[in-house]
Amino acid sequence: MAHTDDHSGHDHIGHDHGPGHVHGSTDKKRVLIAACLTGGFMVAEALGGILTGSLALLADAGHMLADSIALGLAWYAFHLAGRPATIRLTYGFGRVKTLVAYTNGIAIFVIALWIVYEAWGRLQAPAPVLGGPMLVVAILGLLVNIGAFFVLHGGDRESLNMRGAILHVLGDLLGSAAAIAAALVILATGWTPIDPILSVLVSLLILYTAWSLMREAAHVLLEGVPPRLDRDLIARDLEATVQGVREVHHMHVWSLDGTSNMATLHACLDEGVDAHQAVSAVKKRLASEHGISHATVEPEFGQCADDGDEHDHGHGHEHEAAAYHDHHH
């Protein structure tokens with residue numbers, strides 16, 4: 001393979017050392033502060049839930065338990081992402097953040113389903129709830145969650161890991177608000193079924209947001225084309241704007257962690273074109289116009305190097321290329 005990028009390892013880990021790297025270190029601190037706030041109050045809320053008999057409080061404490069673990073994991077993911085690449089992990093640890101975001105989504109799903117199950121039992125057999133103490137604990141929980149939310153809200157909104165962390169705290173915030181509403185209704189009317197009903201509503205809302213986070217994280221893990229990019233349009237753009245490039249094929253576009261975009265492609269060049277210049281022009285175009293910070297470009301003259309390969313090396317690519325090209329190489 002006429003590989004024109006002989007410093008790929010350096011390039012891949014070089015992404016995080018611009019402004020994003022600075023953002024990452026402040027995000028790391030933000031997540032740690034939120035984890036300490038959430039974990040600290042979770043104990044108080046769990047005790048409050050047991051003493052008052054409130055499912056809404058216990059549900060919120062359950063959220064906060066998962067959230068303090070999730071925020072701790074998010075902090076560790078930021079910590080790992082700053083490490084340099086290794087011989088075995090040539091891309092570095094950037095994708096750990098996406099794995100954690102995906103795992104967070106699953107954790108929220110499980111907790112929300114448990115609350116729905118528990119609430120169903122409570123509706124069948126309503127339990128007594130102490131409205132006054134429940135209200136006090138719920139208000140304190142709301143204040144702690146508002147603090148954690150504002151700490152995280154100043155972070156990088158593009159980062160899946162940060163969005164996962166914010167989602168957890170937002171779930172806690174809603175849980176506290178629901179617990180306050182339930183406590184007020186119980187104090188005013190004595191109607192205890194409001195407690196499980198509101199905890200179910202919060203769970204359903206959280207299930208929806210967890211699903212969208214998991215879907216985005218899974219797209220990154222499956223090497224999907226980033227949502228804002230169109231592989232076919234990028235290929236056509238390179239053919240139209242880069243002098244000497246006759247055709248682009250075997251193109252793959254993906255993201256390492258939801259922010260750093262990458263591409264590999266074959267550039268079929270006109271005879272007599274300087275390959276080095278053409279490859280440089282392709283890379284510059286990808287970086288400036290399409291936000292692809294790292295590209296590996298294979299220049300070709302005449303026949304594609306993967307055609308007629310005895311090991312069928314390009315077979316999977318060929319089907320893919322055929323889907324967006326009207327000819328075969």
Answer yes or no: is there a side-chain heavy-atom contact under 4.5 Å between [X] and [Y]?
X	Y	result
H290	D237	yes
I180	L142	yes
E216	R163	yes
V242	V248	no
T264	H250	no
P226	V253	yes

Does atom CD (Q243) have a neighbourhood of more than 12 heavy atoms from anything else shown, all under 6.0 Å?
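Counting neighbours around CD of Q243, 12 or fewer heavy atoms of other residues, nucleotides or ligands fall under 6.0 Å, so no.
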Is it the case that atom CZ in F150 sees more than 12 heavy atoms from other parts of the structure closer than 6.0 Å?
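No, the 6.0 Å shell around CZ holds no more than 12 heavy atoms from other groups.
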Notebook entry, point to check: Is I115 isolated, or which residues cluster with it under the ILVMFWY side-chain rule of less than 4.5 Å, directly or via members?
Noted result: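 In the cluster with I115 are I111, W114.
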Next item on the list: Begin from the C-alpha positions of F93 and T86 and carry the test side-chain contact (heavy atoms from CB on, under 4.5 Å) through to its verdict.
Entry: CA-CA 9 Å; F93 293 82; T86 66; 4.2 Å; yes
Minimal non-hydrogen separation, [X] against [Y], with atom names:
X	Y	answer
G132	L187	N-CD2, 3.5 Å
L269	P299	CD1-CB, 3.8 Å
L213	L167	CD2-CD2, 3.8 Å
T98	A217	CG2-O, 3.5 Å
G244	V273	CA-CG2, 3.7 Å
M134	A183	CE-N, 3.8 Å

Show me the donor-acceptor pairs, under 3.5 Å and distance only, between side chains in residues 36-58 and residues at least two apart or in other chains.
unit_1	atom_1	unit_2	atom_2	d
T38	OG1	A34	O	2.7
T52	OG1	G48	O	2.7
T52	OG1	S54	N	3.4
S54	OG	A56	N	3.3
S54	OG	L57	N	3.0
S54	OG	D195	OD1	3.2

Between [X] (side chain only) and [Y] (backbone N and O only), is there a donor and an acceptor less than 3.5 Å apart?
X	Y	value
K28	H79	no
R30	L152	no
H252	M262	no
S255	N261	no
N145	D172	yes

Rounded to the nearest 0.5 Å, how far does [atom2] of [Y] lie from [atom1] of [X]?
X	Y	atom1	atom2	value
I292	I234	CD1	CD1	4.0 Å
L207	F109	CG	CZ	5.0 Å
L170	H153	CG	NE2	9.0 Å
I139	L184	CD1	CG	7.0 Å
M251	L238	CE	CG	5.5 Å
E239	C268	CD	SG	9.5 Å

**Report entry** Criterion side-chain contact (heavy atoms from CB on, under 4.5 Å) on H266 and D306, from CA distance to verdict
**Finding:** CA-CA 10 Å; H266 290 197; D306 283 349; 3.5 Å; yes
Same cluster for [X] and [Y] if Ile/Leu/Val/Met/Phe/Trp/Tyr side chains link at under 4.5 Å?
X	Y	value
L265	L229	yes
Y76	Y102	no
L221	V225	no
L99	V31	no
L140	I186	yes

Under the salt bridge (Lys or Arg N to Asp or Glu O under 4.0 Å) rule, collect the residues that match up with E300, sequence neighbours excluded.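 E300 satisfies salt bridge (Lys or Arg N to Asp or Glu O under 4.0 Å) with no other residue.
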Practice task
Applying salt bridge (Lys or Arg N to Asp or Glu O under 4.0 Å), name anything that partners D230, two or more places apart in sequence or on another chain.
Solution key: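 Per chain and number, D230 pairs via salt bridge (Lys or Arg N to Asp or Glu O under 4.0 Å) with no residue.
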Self-check item: Contact list for residues 265-275, test salt bridge (charged side-chain N to carboxylate O under 4.0 Å, His left out), sequence neighbours left out
Solution: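 Residue pairs with at least one partner in residues 265-275: R246-D270.
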Could you list all the salt bridge (charged side-chain N to carboxylate O under 4.0 Å, His left out) pairs where at least one residue sits in residues 85-96, not counting sequence neighbours?
->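 Passing the test, one end in residues 85-96: R95-E223.
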